[in-house]
Colleague: 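For reference, the structure I am asking about is given below.
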Amino acid sequence: MKSMYDLDVPIPSKKAHIVRNIKEVSQAQRETLLKETEYSMFSFPADMLILDFLSDSGTSTMTDLQWAAILLGDESYGRNRGYYILLDAIRDTFERGDQQKKVINLILSGETNVDRLMNELYLTSFEGGFVNGGVHQLKRPNAFLVPQGRCAEYLLFSTIAPLLKRNNPKDVFYIPNNGHFDTTEANIRANGFQPVNFFSNNLLEDFPVEKISLKNPFKGNMDVDGLKKFIESKGVGTIPLIYLTITNNTAAGQPVSMKNIKEVRDVANKFDIPLFLDACRYAENAYFIKEFEQGYKNKSIPTIIMELFSYVDGFTISFKKDGLANMGGGLFFRDQGVFHRKFSEDGDIGIKLKERQILIFGNDSYGGLSGRDIMALAAGLYEVVKESYLKERITQVRDFATKLSHNGVPVVLPPGGHAIYINVDKFFAGTDMKINDFGGVGFAIELLRYYGIRACELGPFAFEWDNKTPKEREGILNLIRFAIPRNVYNTDHIDYAVAAVTELYNNKEKIPKVKISRGAKLRLRHFQSGLQPIYK
Ligand SMILES: *Cc1c(COP(=O)(O)O)cnc(C)c1O
(Lines give C-alpha, C1' and ligand atoms only; values in the text may rest on other atoms or scores of the structure.)
Protein backbone atom coordinates (compact mmCIF):
# COMPACT_ATOMS: atom_id res chain seq x y z
CA MET A 1 0.00 0.00 0.00
CA LYS A 2 1.04 3.55 -0.73
CA SER A 3 1.87 5.48 2.40
CA MET A 4 2.20 9.22 2.98
CA TYR A 5 5.04 10.92 1.09
CA ASP A 6 5.31 8.00 -1.37
CA LEU A 7 4.88 9.06 -4.99
CA ASP A 8 3.42 6.81 -7.64
CA VAL A 9 5.75 8.08 -10.36
CA PRO A 10 9.27 6.73 -10.90
CA ILE A 11 12.24 8.76 -9.67
CA PRO A 12 14.08 10.12 -12.75
CA SER A 13 17.09 7.93 -13.44
CA LYS A 14 18.93 9.95 -16.09
CA LYS A 15 19.27 13.30 -17.80
CA ALA A 16 20.23 14.36 -21.32
CA HIS A 17 23.88 14.99 -22.10
CA ILE A 18 23.71 15.50 -25.87
CA VAL A 19 20.53 16.25 -27.77
CA ARG A 20 19.57 15.93 -31.42
CA ASN A 21 17.34 18.50 -33.09
CA ILE A 22 14.32 17.22 -34.98
CA LYS A 23 13.90 18.74 -38.44
CA GLU A 24 10.86 20.86 -39.22
CA VAL A 25 9.32 18.92 -42.08
CA SER A 26 5.95 20.12 -43.41
CA GLN A 27 2.99 17.88 -44.15
CA ALA A 28 3.34 18.66 -47.86
CA GLN A 29 7.01 17.57 -47.74
CA ARG A 30 6.05 14.36 -45.94
CA GLU A 31 3.40 13.67 -48.57
CA THR A 32 6.04 13.96 -51.30
CA LEU A 33 8.39 11.71 -49.36
CA LEU A 34 5.64 9.13 -48.82
CA LYS A 35 4.66 9.10 -52.48
CA GLU A 36 8.26 8.76 -53.66
CA THR A 37 8.89 5.86 -51.26
CA GLU A 38 5.71 3.99 -52.30
CA TYR A 39 4.09 4.59 -48.88
CA SER A 40 6.36 1.93 -47.36
CA MET A 41 7.25 2.57 -43.70
CA PHE A 42 10.57 0.80 -44.11
CA SER A 43 11.60 2.99 -47.06
CA PHE A 44 10.82 6.36 -45.47
CA PRO A 45 13.94 8.40 -44.55
CA ALA A 46 14.25 8.42 -40.76
CA ASP A 47 15.80 11.90 -40.72
CA MET A 48 12.47 13.31 -41.94
CA LEU A 49 10.49 11.90 -38.97
CA ILE A 50 9.43 13.50 -35.70
CA LEU A 51 9.04 10.25 -33.74
CA ASP A 52 10.13 6.79 -34.81
CA PHE A 53 8.48 3.73 -33.25
CA LEU A 54 9.43 1.32 -36.02
CA SER A 55 11.74 -0.77 -33.81
CA ASP A 56 13.45 -0.85 -30.43
CA SER A 57 16.29 -2.83 -31.99
CA GLY A 58 19.65 -1.07 -32.01
CA THR A 59 17.88 2.25 -31.53
CA SER A 60 18.77 2.86 -27.88
CA THR A 61 20.51 6.01 -26.73
CA MET A 62 23.68 4.78 -25.07
CA THR A 63 24.87 6.15 -21.74
CA ASP A 64 27.94 8.33 -21.19
CA LEU A 65 29.69 5.29 -19.69
CA GLN A 66 29.13 3.38 -22.93
CA TRP A 67 30.43 6.25 -25.02
CA ALA A 68 33.45 6.52 -22.75
CA ALA A 69 34.10 2.78 -23.18
CA ILE A 70 33.97 3.20 -26.97
CA LEU A 71 37.13 5.33 -26.91
CA LEU A 72 38.90 2.45 -25.19
CA GLY A 73 37.86 -0.02 -27.89
CA ASP A 74 40.65 -1.98 -29.54
CA GLU A 75 40.45 -2.78 -33.26
CA SER A 76 43.05 -5.58 -33.27
CA TYR A 77 42.29 -8.58 -35.47
CA GLY A 78 43.13 -11.23 -32.88
CA ARG A 79 42.08 -11.11 -29.23
CA ASN A 80 41.25 -7.41 -28.88
CA ARG A 81 41.08 -6.32 -25.25
CA GLY A 82 37.30 -5.84 -25.36
CA TYR A 83 36.86 -9.54 -26.14
CA TYR A 84 38.09 -10.51 -22.67
CA ILE A 85 36.06 -7.77 -21.04
CA LEU A 86 32.87 -8.73 -22.87
CA LEU A 87 33.20 -12.43 -22.10
CA ASP A 88 33.55 -11.63 -18.43
CA ALA A 89 30.70 -9.11 -18.58
CA ILE A 90 28.55 -11.95 -19.95
CA ARG A 91 29.59 -14.18 -17.02
CA ASP A 92 28.80 -11.28 -14.69
CA THR A 93 25.39 -10.69 -16.26
CA PHE A 94 24.06 -14.21 -16.66
CA GLU A 95 25.88 -16.25 -14.03
CA ARG A 96 27.08 -14.16 -11.12
CA GLY A 97 24.05 -12.30 -9.79
CA ASP A 98 25.24 -9.66 -7.33
CA GLN A 99 28.75 -11.15 -7.20
CA GLN A 100 29.97 -9.30 -10.27
CA LYS A 101 33.68 -8.88 -10.92
CA LYS A 102 33.45 -5.93 -13.33
CA VAL A 103 36.91 -6.44 -14.84
CA ILE A 104 35.92 -3.70 -17.29
CA ASN A 105 36.98 -1.29 -14.55
CA LEU A 106 40.61 -2.38 -14.97
CA ILE A 107 40.56 -0.93 -18.47
CA LEU A 108 38.32 2.07 -17.76
CA SER A 109 40.64 3.10 -14.92
CA GLY A 110 43.81 2.65 -16.98
CA GLU A 111 45.32 -0.16 -14.92
CA THR A 112 49.03 -0.50 -15.78
CA ASN A 113 50.04 -3.34 -13.47
CA VAL A 114 50.77 -6.05 -16.02
CA ASP A 115 50.67 -8.94 -13.57
CA ARG A 116 47.27 -7.82 -12.43
CA LEU A 117 46.00 -7.55 -16.02
CA MET A 118 47.31 -11.03 -16.79
CA ASN A 119 45.86 -12.58 -13.66
CA GLU A 120 42.50 -10.87 -13.64
CA LEU A 121 41.78 -10.35 -17.31
CA TYR A 122 43.91 -12.03 -19.96
CA LEU A 123 44.77 -15.41 -18.46
CA THR A 124 41.81 -16.21 -16.25
CA SER A 125 40.47 -19.68 -16.78
CA PHE A 126 36.82 -20.75 -16.64
CA GLU A 127 34.84 -23.87 -17.44
CA GLY A 128 31.44 -25.33 -16.70
CA GLY A 129 29.35 -22.22 -17.47
CA PHE A 130 28.15 -20.40 -20.57
CA VAL A 131 31.54 -18.81 -21.29
CA ASN A 132 34.64 -20.94 -21.06
CA GLY A 133 37.82 -18.95 -20.48
CA GLY A 134 41.51 -19.39 -21.17
CA VAL A 135 42.52 -22.67 -22.73
CA HIS A 136 39.03 -24.14 -22.19
CA GLN A 137 37.54 -21.69 -24.71
CA LEU A 138 40.16 -22.90 -27.19
CA LYS A 139 39.54 -26.60 -26.57
CA ARG A 140 35.80 -26.47 -26.04
CA PRO A 141 34.48 -23.20 -27.46
CA ASN A 142 31.01 -22.34 -26.19
CA ALA A 143 30.69 -18.55 -26.62
CA PHE A 144 30.23 -17.06 -30.08
CA LEU A 145 30.03 -13.35 -30.82
CA VAL A 146 28.15 -12.29 -33.94
CA PRO A 147 26.80 -8.98 -35.29
CA GLN A 148 23.16 -9.52 -34.31
CA GLY A 149 20.59 -12.02 -33.09
CA ARG A 150 19.65 -13.57 -36.40
CA CYS A 151 23.32 -14.37 -37.11
CA ALA A 152 23.38 -16.43 -33.91
CA GLU A 153 20.20 -18.21 -35.01
CA TYR A 154 21.67 -18.89 -38.43
CA LEU A 155 24.93 -20.12 -36.93
CA LEU A 156 23.12 -22.51 -34.61
CA PHE A 157 20.58 -23.99 -37.00
CA SER A 158 22.83 -24.20 -40.06
CA THR A 159 25.43 -26.05 -37.97
CA ILE A 160 23.10 -28.60 -36.39
CA ALA A 161 20.95 -29.28 -39.50
CA PRO A 162 23.52 -31.41 -41.37
CA LEU A 163 24.35 -33.28 -38.14
CA LEU A 164 20.71 -34.20 -37.55
CA LYS A 165 19.99 -35.04 -41.15
CA ARG A 166 23.16 -36.98 -41.87
CA ASN A 167 21.35 -40.34 -42.07
CA ASN A 168 18.26 -39.22 -43.89
CA PRO A 169 17.95 -35.68 -45.28
CA LYS A 170 14.16 -36.15 -45.38
CA ASP A 171 13.81 -36.60 -41.58
CA VAL A 172 11.42 -34.08 -40.04
CA PHE A 173 12.44 -32.10 -36.94
CA TYR A 174 10.43 -29.59 -34.90
CA ILE A 175 11.55 -26.60 -32.86
CA PRO A 176 8.88 -25.63 -30.28
CA ASN A 177 8.74 -22.10 -28.80
CA ASN A 178 6.37 -19.95 -26.76
CA GLY A 179 6.40 -17.69 -29.84
CA HIS A 180 9.09 -17.72 -32.50
CA PHE A 181 10.36 -14.31 -33.49
CA ASP A 182 10.16 -13.87 -37.28
CA THR A 183 13.90 -14.20 -37.96
CA THR A 184 14.12 -17.25 -35.68
CA GLU A 185 11.26 -18.87 -37.50
CA ALA A 186 12.80 -18.00 -40.88
CA ASN A 187 16.21 -19.42 -39.91
CA ILE A 188 14.58 -22.58 -38.61
CA ARG A 189 12.63 -23.07 -41.84
CA ALA A 190 15.56 -22.16 -44.08
CA ASN A 191 17.51 -25.00 -42.46
CA GLY A 192 14.78 -27.55 -43.00
CA PHE A 193 13.18 -27.63 -39.52
CA GLN A 194 9.54 -26.98 -38.61
CA PRO A 195 8.92 -24.15 -36.12
CA VAL A 196 5.93 -24.67 -33.79
CA ASN A 197 4.40 -22.13 -31.39
CA PHE A 198 2.82 -22.85 -28.02
CA PHE A 199 1.30 -19.51 -27.11
CA SER A 200 -0.23 -19.10 -23.70
CA ASN A 201 -3.97 -19.76 -23.64
CA ASN A 202 -4.70 -16.42 -21.95
CA LEU A 203 -2.90 -14.37 -24.60
CA LEU A 204 -5.98 -12.62 -26.00
CA GLU A 205 -7.95 -12.34 -22.77
CA ASP A 206 -9.12 -8.86 -21.80
CA PHE A 207 -7.33 -7.09 -18.97
CA PRO A 208 -8.58 -4.07 -16.99
CA VAL A 209 -6.51 -0.93 -17.52
CA GLU A 210 -6.70 0.09 -13.85
CA LYS A 211 -4.89 -3.13 -12.87
CA ILE A 212 -1.84 -2.78 -15.09
CA SER A 213 0.53 -1.64 -12.38
CA LEU A 214 -0.95 -4.03 -9.81
CA LYS A 215 -0.73 -7.45 -11.42
CA ASN A 216 0.41 -9.25 -14.52
CA PRO A 217 -0.93 -12.44 -16.12
CA PHE A 218 2.40 -13.31 -17.85
CA LYS A 219 0.73 -13.79 -21.19
CA GLY A 220 4.11 -14.55 -22.78
CA ASN A 221 4.25 -17.97 -21.08
CA MET A 222 4.55 -21.21 -22.98
CA ASP A 223 1.59 -23.57 -23.05
CA VAL A 224 3.42 -26.37 -21.21
CA ASP A 225 0.66 -28.96 -21.58
CA GLY A 226 0.56 -28.34 -25.31
CA LEU A 227 4.33 -28.76 -25.43
CA LYS A 228 4.27 -32.02 -23.48
CA LYS A 229 1.54 -33.52 -25.63
CA PHE A 230 3.34 -32.45 -28.77
CA ILE A 231 6.60 -34.11 -27.72
CA GLU A 232 4.76 -37.31 -26.82
CA SER A 233 2.86 -37.39 -30.11
CA LYS A 234 5.80 -36.57 -32.39
CA GLY A 235 8.44 -38.54 -30.49
CA VAL A 236 11.38 -37.17 -28.51
CA GLY A 237 13.80 -37.88 -31.34
CA THR A 238 12.13 -35.33 -33.59
CA ILE A 239 12.79 -32.42 -31.20
CA PRO A 240 16.42 -31.30 -31.16
CA LEU A 241 15.82 -28.18 -29.02
CA ILE A 242 13.13 -26.40 -27.06
CA TYR A 243 13.17 -22.60 -27.29
CA LEU A 244 11.72 -20.04 -24.92
CA THR A 245 11.60 -16.36 -25.92
CA ILE A 246 11.86 -13.75 -23.14
CA THR A 247 10.00 -11.47 -23.39
CA ASN A 248 7.68 -12.98 -26.00
CA ASN A 249 8.06 -10.43 -28.78
CA THR A 250 5.69 -12.18 -31.18
CA ALA A 251 3.01 -12.38 -28.46
CA ALA A 252 2.80 -8.59 -28.06
CA GLY A 253 6.06 -8.43 -26.04
CA GLN A 254 4.51 -10.16 -23.01
CA PRO A 255 6.74 -11.45 -20.19
CA VAL A 256 7.35 -15.06 -19.17
CA SER A 257 7.15 -16.04 -15.49
CA MET A 258 9.91 -17.84 -13.60
CA LYS A 259 7.35 -20.52 -12.76
CA ASN A 260 6.74 -21.13 -16.46
CA ILE A 261 10.48 -21.25 -17.19
CA LYS A 262 10.89 -23.90 -14.49
CA GLU A 263 7.99 -25.93 -15.84
CA VAL A 264 9.46 -25.87 -19.33
CA ARG A 265 12.84 -26.81 -17.86
CA ASP A 266 11.19 -29.82 -16.16
CA VAL A 267 9.74 -30.98 -19.47
CA ALA A 268 13.12 -30.52 -21.17
CA ASN A 269 14.83 -32.50 -18.40
CA LYS A 270 12.25 -35.27 -18.50
CA PHE A 271 12.80 -35.82 -22.21
CA ASP A 272 16.52 -34.95 -22.14
CA ILE A 273 16.12 -32.16 -24.69
CA PRO A 274 18.30 -29.02 -24.52
CA LEU A 275 16.39 -25.88 -23.52
CA PHE A 276 17.51 -22.61 -25.11
CA LEU A 277 16.43 -19.05 -24.47
CA ASP A 278 15.91 -16.45 -27.14
CA ALA A 279 17.11 -14.01 -24.53
CA CYS A 280 16.87 -10.61 -26.25
CA ARG A 281 14.92 -8.87 -23.48
CA TYR A 282 16.21 -10.72 -20.39
CA ALA A 283 16.48 -7.57 -18.26
CA GLU A 284 12.97 -6.33 -18.99
CA ASN A 285 11.60 -9.83 -18.39
CA ALA A 286 13.47 -9.96 -15.06
CA TYR A 287 11.91 -6.66 -14.05
CA PHE A 288 8.40 -8.05 -14.64
CA ILE A 289 9.26 -11.09 -12.50
CA LYS A 290 10.48 -8.84 -9.71
CA GLU A 291 7.44 -6.63 -9.90
CA PHE A 292 4.70 -9.22 -10.26
CA GLU A 293 5.80 -12.75 -9.41
CA GLN A 294 5.46 -13.99 -5.88
CA GLY A 295 8.76 -14.35 -4.04
CA TYR A 296 10.85 -11.97 -6.15
CA LYS A 297 10.03 -8.51 -4.72
CA ASN A 298 13.17 -8.37 -2.64
CA LYS A 299 15.55 -9.99 -5.11
CA SER A 300 17.88 -7.87 -7.21
CA ILE A 301 17.57 -7.85 -11.00
CA PRO A 302 21.00 -9.53 -11.45
CA THR A 303 19.97 -12.32 -9.03
CA ILE A 304 16.74 -12.90 -10.93
CA ILE A 305 18.64 -13.03 -14.23
CA MET A 306 21.08 -15.52 -12.73
CA GLU A 307 18.26 -17.78 -11.59
CA LEU A 308 16.52 -17.53 -14.94
CA PHE A 309 19.60 -18.59 -16.86
CA SER A 310 20.43 -21.36 -14.40
CA TYR A 311 17.46 -23.31 -15.84
CA VAL A 312 18.65 -23.35 -19.44
CA ASP A 313 21.30 -25.06 -21.47
CA GLY A 314 22.07 -22.22 -23.86
CA PHE A 315 20.82 -19.06 -25.48
CA THR A 316 20.87 -16.96 -28.59
CA ILE A 317 20.64 -13.23 -28.09
CA SER A 318 20.46 -9.92 -29.90
CA PHE A 319 22.26 -7.34 -27.79
CA LYS A 320 20.56 -4.63 -29.84
CA LYS A 321 17.65 -4.95 -27.44
CA ASP A 322 18.38 -5.08 -23.73
CA GLY A 323 22.14 -4.80 -24.21
CA LEU A 324 21.58 -1.08 -24.78
CA ALA A 325 24.08 -1.42 -27.62
CA ASN A 326 23.45 -0.43 -31.22
CA MET A 327 24.98 -3.66 -32.55
CA GLY A 328 25.82 -7.13 -31.29
CA GLY A 329 24.59 -10.69 -30.83
CA GLY A 330 25.75 -14.04 -29.55
CA LEU A 331 25.30 -17.77 -29.10
CA PHE A 332 26.23 -19.42 -25.80
CA PHE A 333 25.78 -22.93 -24.45
CA ARG A 334 26.59 -24.62 -21.18
CA ASP A 335 30.00 -26.24 -21.12
CA GLN A 336 29.49 -30.01 -21.32
CA GLY A 337 25.73 -29.65 -20.90
CA VAL A 338 22.90 -31.48 -22.68
CA PHE A 339 23.36 -29.61 -25.97
CA HIS A 340 27.09 -30.25 -25.98
CA ARG A 341 26.63 -33.94 -25.23
CA LYS A 342 23.88 -34.48 -27.79
CA PHE A 343 25.59 -32.76 -30.68
CA SER A 344 29.21 -33.78 -30.12
CA GLU A 345 28.94 -37.44 -31.11
CA ASP A 346 31.28 -37.06 -34.03
CA GLY A 347 33.40 -34.16 -32.89
CA ASP A 348 33.01 -31.22 -30.53
CA ILE A 349 29.99 -29.09 -31.52
CA GLY A 350 31.76 -25.97 -30.25
CA ILE A 351 34.61 -26.49 -32.70
CA LYS A 352 32.11 -26.93 -35.54
CA LEU A 353 30.31 -23.74 -34.57
CA LYS A 354 33.58 -21.87 -34.31
CA GLU A 355 34.68 -23.00 -37.78
CA ARG A 356 31.42 -21.70 -39.22
CA GLN A 357 31.63 -18.50 -37.20
CA ILE A 358 35.09 -17.79 -38.61
CA LEU A 359 33.93 -18.58 -42.15
CA ILE A 360 31.07 -16.11 -41.97
CA PHE A 361 31.81 -13.49 -39.33
CA GLY A 362 35.58 -13.42 -39.00
CA ASN A 363 37.86 -14.19 -36.09
CA ASP A 364 35.96 -15.47 -33.09
CA SER A 365 37.25 -12.68 -30.86
CA TYR A 366 35.34 -10.00 -32.78
CA GLY A 367 32.60 -11.95 -34.62
CA GLY A 368 31.79 -9.27 -37.18
CA LEU A 369 31.80 -6.49 -34.59
CA SER A 370 34.21 -3.59 -34.33
CA GLY A 371 36.26 -3.27 -31.13
CA ARG A 372 34.22 -0.14 -30.31
CA ASP A 373 30.94 -2.08 -30.55
CA ILE A 374 32.33 -4.71 -28.20
CA MET A 375 33.24 -2.12 -25.56
CA ALA A 376 29.89 -0.31 -25.85
CA LEU A 377 28.12 -3.60 -25.36
CA ALA A 378 30.26 -4.68 -22.39
CA ALA A 379 29.54 -1.37 -20.64
CA GLY A 380 25.86 -1.58 -21.62
CA LEU A 381 25.38 -4.94 -19.91
CA TYR A 382 25.99 -3.23 -16.55
CA GLU A 383 23.75 -0.27 -17.36
CA VAL A 384 20.70 -2.22 -18.42
CA VAL A 385 20.26 -4.14 -15.15
CA LYS A 386 19.99 -0.97 -13.06
CA GLU A 387 16.60 -1.10 -11.43
CA SER A 388 15.94 2.64 -11.62
CA TYR A 389 16.50 2.52 -15.37
CA LEU A 390 14.24 -0.52 -15.86
CA LYS A 391 11.51 0.98 -13.74
CA GLU A 392 11.51 4.16 -15.78
CA ARG A 393 11.58 2.20 -19.02
CA ILE A 394 8.70 -0.13 -18.21
CA THR A 395 6.69 2.71 -16.64
CA GLN A 396 7.02 4.74 -19.82
CA VAL A 397 5.64 1.90 -21.93
CA ARG A 398 2.81 1.42 -19.44
CA ASP A 399 2.09 5.15 -19.39
CA PHE A 400 1.80 5.20 -23.18
CA ALA A 401 -0.72 2.33 -23.11
CA THR A 402 -2.70 3.79 -20.20
CA LYS A 403 -3.08 7.20 -21.82
CA LEU A 404 -4.25 5.66 -25.08
CA SER A 405 -6.65 3.38 -23.26
CA HIS A 406 -8.12 6.31 -21.31
CA ASN A 407 -8.78 8.02 -24.64
CA GLY A 408 -10.71 4.97 -25.79
CA VAL A 409 -8.05 3.63 -28.20
CA PRO A 410 -8.04 -0.20 -28.12
CA VAL A 411 -4.54 -1.21 -26.96
CA VAL A 412 -3.44 -4.70 -25.95
CA LEU A 413 -3.35 -4.82 -22.12
CA PRO A 414 -1.33 -5.14 -20.08
CA PRO A 415 1.46 -3.79 -22.27
CA GLY A 416 4.69 -5.78 -22.51
CA GLY A 417 8.16 -4.38 -21.94
CA HIS A 418 9.19 -2.78 -25.19
CA ALA A 419 6.15 -1.84 -27.23
CA ILE A 420 2.48 -1.08 -27.25
CA TYR A 421 0.10 -2.65 -29.73
CA ILE A 422 -3.19 -1.36 -31.09
CA ASN A 423 -5.86 -3.93 -31.87
CA VAL A 424 -6.76 -2.98 -35.44
CA ASP A 425 -10.01 -4.99 -35.65
CA LYS A 426 -11.33 -3.17 -32.60
CA PHE A 427 -9.94 0.16 -33.82
CA PHE A 428 -12.02 -0.02 -37.03
CA ALA A 429 -15.13 -1.58 -35.45
CA GLY A 430 -18.23 0.12 -36.85
CA THR A 431 -16.57 1.19 -40.11
CA ASP A 432 -16.60 -0.66 -43.43
CA MET A 433 -12.86 -1.51 -43.19
CA LYS A 434 -12.31 -5.20 -44.04
CA ILE A 435 -9.25 -7.30 -43.22
CA ASN A 436 -7.94 -7.18 -46.81
CA ASP A 437 -8.32 -3.37 -46.92
CA PHE A 438 -5.19 -3.24 -44.71
CA GLY A 439 -6.62 -0.63 -42.32
CA GLY A 440 -3.55 -0.89 -40.09
CA VAL A 441 -1.37 0.18 -43.00
CA GLY A 442 -3.77 3.03 -43.81
CA PHE A 443 -3.52 4.16 -40.19
CA ALA A 444 0.30 4.04 -40.25
CA ILE A 445 0.36 6.09 -43.46
CA GLU A 446 -1.94 8.76 -41.99
CA LEU A 447 0.02 8.88 -38.73
CA LEU A 448 3.16 9.57 -40.69
CA ARG A 449 1.51 11.96 -43.16
CA TYR A 450 -0.15 14.23 -40.58
CA TYR A 451 2.13 13.88 -37.58
CA GLY A 452 5.53 12.59 -38.73
CA ILE A 453 5.24 9.51 -36.50
CA ARG A 454 6.31 6.09 -37.74
CA ALA A 455 4.71 2.89 -36.45
CA CYS A 456 4.48 -0.57 -37.97
CA GLU A 457 1.59 -2.74 -39.07
CA LEU A 458 1.90 -6.33 -37.88
CA GLY A 459 -1.19 -7.87 -39.35
CA PRO A 460 -2.67 -8.99 -42.67
CA PHE A 461 -0.14 -6.98 -44.70
CA ALA A 462 3.02 -8.02 -42.83
CA PHE A 463 1.88 -11.62 -42.40
CA GLU A 464 0.60 -11.89 -45.98
CA TRP A 465 -3.04 -12.72 -45.25
CA ASP A 466 -3.99 -12.65 -48.94
CA ASN A 467 -1.26 -15.18 -49.86
CA LYS A 468 -2.34 -17.72 -47.23
CA THR A 469 -4.87 -20.53 -47.00
CA PRO A 470 -7.97 -20.07 -44.80
CA LYS A 471 -6.33 -22.37 -42.22
CA GLU A 472 -3.10 -20.37 -42.16
CA ARG A 473 -5.05 -17.11 -41.87
CA GLU A 474 -6.47 -18.15 -38.49
CA GLY A 475 -3.20 -17.49 -36.66
CA ILE A 476 -2.76 -13.95 -38.00
CA LEU A 477 -3.29 -11.21 -35.43
CA ASN A 478 -4.18 -7.73 -36.66
CA LEU A 479 -2.01 -5.25 -34.78
CA ILE A 480 -0.08 -2.01 -35.11
CA ARG A 481 3.10 -1.88 -33.08
CA PHE A 482 4.76 1.12 -31.50
CA ALA A 483 8.18 -0.14 -30.39
CA ILE A 484 9.76 2.28 -27.95
CA PRO A 485 13.50 2.90 -28.22
CA ARG A 486 15.37 2.90 -24.91
CA ASN A 487 16.49 6.20 -23.37
CA VAL A 488 15.32 8.18 -26.41
CA TYR A 489 11.91 9.69 -25.68
CA ASN A 490 10.39 11.44 -22.69
CA THR A 491 6.86 12.25 -21.61
CA ASP A 492 6.50 15.06 -24.17
CA HIS A 493 7.14 12.63 -27.01
CA ILE A 494 4.72 10.08 -25.63
CA ASP A 495 2.03 12.75 -25.14
CA TYR A 496 2.47 13.93 -28.73
CA ALA A 497 2.05 10.35 -29.97
CA VAL A 498 -0.99 9.76 -27.76
CA ALA A 499 -2.64 12.95 -29.04
CA ALA A 500 -1.93 12.01 -32.66
CA VAL A 501 -3.21 8.44 -32.36
CA THR A 502 -6.32 9.61 -30.51
CA GLU A 503 -7.11 12.21 -33.19
CA LEU A 504 -6.90 9.54 -35.89
CA TYR A 505 -9.02 7.19 -33.80
CA ASN A 506 -11.71 9.86 -33.52
CA ASN A 507 -11.63 10.26 -37.30
CA LYS A 508 -11.20 6.61 -38.15
CA GLU A 509 -13.80 6.60 -40.92
CA LYS A 510 -11.49 8.93 -42.91
CA ILE A 511 -8.53 6.52 -42.81
CA PRO A 512 -7.91 5.17 -46.31
CA LYS A 513 -8.02 1.58 -47.44
CA VAL A 514 -4.75 0.45 -48.99
CA LYS A 515 -3.83 -1.54 -52.11
CA ILE A 516 -0.53 -3.31 -52.63
CA SER A 517 0.65 -1.64 -55.84
CA ARG A 518 3.85 -3.63 -56.31
CA GLY A 519 5.26 -6.94 -55.09
CA ALA A 520 2.30 -8.50 -53.25
CA LYS A 521 3.98 -11.89 -53.71
CA LEU A 522 7.52 -10.84 -52.78
CA ARG A 523 9.24 -12.68 -49.94
CA LEU A 524 9.27 -10.60 -46.71
CA ARG A 525 7.06 -8.19 -48.59
CA HIS A 526 6.49 -5.80 -45.74
CA PHE A 527 10.09 -4.64 -46.12
CA GLN A 528 9.91 -4.20 -49.86
CA SER A 529 6.58 -3.95 -51.64
CA GLY A 530 4.90 -0.72 -52.80
CA LEU A 531 1.58 0.57 -51.43
CA GLN A 532 -1.17 2.92 -52.54
CA PRO A 533 -3.71 4.49 -50.15
CA ILE A 534 -7.16 4.96 -51.71
CA TYR A 535 -8.45 8.36 -50.60
CA LYS A 536 -12.21 8.80 -50.93
C1 LIG B 1 15.27 -8.83 -32.57
C2 LIG B 1 15.02 -10.21 -32.19
C3 LIG B 1 15.75 -11.26 -32.77
C4 LIG B 1 16.74 -11.06 -33.88
O5 LIG B 1 17.76 -10.18 -33.54
P6 LIG B 1 18.43 -9.19 -34.61
O7 LIG B 1 19.50 -8.51 -33.82
O8 LIG B 1 17.36 -8.25 -35.09
O9 LIG B 1 18.98 -10.01 -35.71
C10 LIG B 1 15.48 -12.54 -32.31
N11 LIG B 1 14.56 -12.77 -31.37
C12 LIG B 1 13.84 -11.79 -30.79
C13 LIG B 1 12.84 -12.12 -29.75
C14 LIG B 1 14.03 -10.47 -31.19
O15 LIG B 1 13.31 -9.50 -30.61
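Only a predicted model underlies this, so the values are computations on that prediction, with no experimental measurement involved. Just so you know, ligand 1 is whichever comes first in the structure, and atom 1 is the first atom listed for that ligand.
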Colleague: So if I count the atoms of ligand 1 from 1 in the order they appear, which ones are less than 4.0 Å from some heavy atom of R150?
Modeller: 4 (C), 5 (O), 6 (P), 8 (O), 9 (O)
Colleague: Is the NZ or CZ atom of K321 both under 6.0 Å from the centre of the six-membered ring of F181 and within 45° of that ring's axis?
Modeller: yes
Colleague: Provide, to 0.1 Å, the distance between atom 5 (O) of ligand 1 and the closest protein heavy atom, together with that atom's residue and name.
Modeller: S318 CB, 3.2 Å
Colleague: Determine all donor-acceptor pairs shorter than 3.5 Å in which one atom belongs to a side chain in residues 322-332; sequence neighbours excluded.
Modeller:
from, atom 1, to, atom 2, distance (Å)
D322, OD1, R486, NE, 3.4
D322, OD2, Y282, N, 3.3
D322, OD2, A283, N, 2.7
D322, OD2, E284, N, 2.9
N326, ND2, G58, O, 2.9
N326, ND2, S60, O, 3.2

Colleague: State whether K219 and E205 are salt-bridged, where the test is any N-O pair (Lys NZ or Arg NE/NH1/NH2 against Asp/Glu carboxylate O) under 4.0 Å.
Modeller: no
Colleague: Which atoms of ligand 1 are found less than 4.0 Å from any heavy atom of E153?
Modeller: 10 (C), 11 (N)
Colleague: Is ligand 1 less than 4.0 angstrom away from at least one heavy atom of C280?
Modeller: yes
Colleague: Which protein non-hydrogen atom lies closest to atom 11 (N) of ligand 1, naming both residue and atom, and how far is it?
Modeller: D278 OD2, 2.7 Å
Colleague: Is the charged tip of R454 near the ring of F44: under 6.0 Å from the six-membered ring centre and within 45° of its axis?
Modeller: no
Colleague: If the test is side-chain contact (heavy atoms from CB on, under 4.5 Å), which one of T402, I484, D56 qualifies with V397?
Modeller: I484
Colleague: Run the numbers for me: atoms of ligand 1, each under 4.0 Å from some heavy atom of T245, listed by number.
Modeller: 13 (C)
Colleague: Can you sort out which atoms of ligand 1 are near K320, meaning under 4.0 Å from one of its heavy atoms?
Modeller: 7 (O)
Colleague: For K391, look at atom NZ and say whether over 12 heavy atoms of other residues, nucleotides or ligands are found less than 6.0 Å away.
Modeller: no
Colleague: Output the list of atoms in ligand 1 that are nearer than 4.0 Å to some heavy atom of K321, sorted by atom number.
Modeller: 1 (C), 2 (C), 3 (C), 5 (O), 14 (C), 15 (O)
Colleague: Please indicate whether any nitrogen or oxygen in G149 is less than 3.5 Å from any nitrogen or oxygen in ligand 1.
Modeller: yes
Colleague: For R281, take its heavy atoms, then give the atoms of ligand 1 lying under 4.0 Å from any of them.
Modeller: 15 (O)
Colleague: Around atom 4 (C) of ligand 1, find the nearest protein heavy atom and jot down its residue, atom name and distance.
Modeller: T183 OG1, 3.5 Å
Colleague: Answer yes or no: is there an ion pair linking K262 with D266, defined by an N-O contact shorter than 4.0 Å?
Modeller: no
Colleague: Inspect the contact between K259 and E263 and indicate whether a charged nitrogen and a carboxylate oxygen are less than 4.0 angstrom apart.
Modeller: yes
Colleague: Where does Q148 meet ligand 1, judged by heavy-atom distances below 4.0 Å: at the side chain, the backbone, both, or neither?
Modeller: both
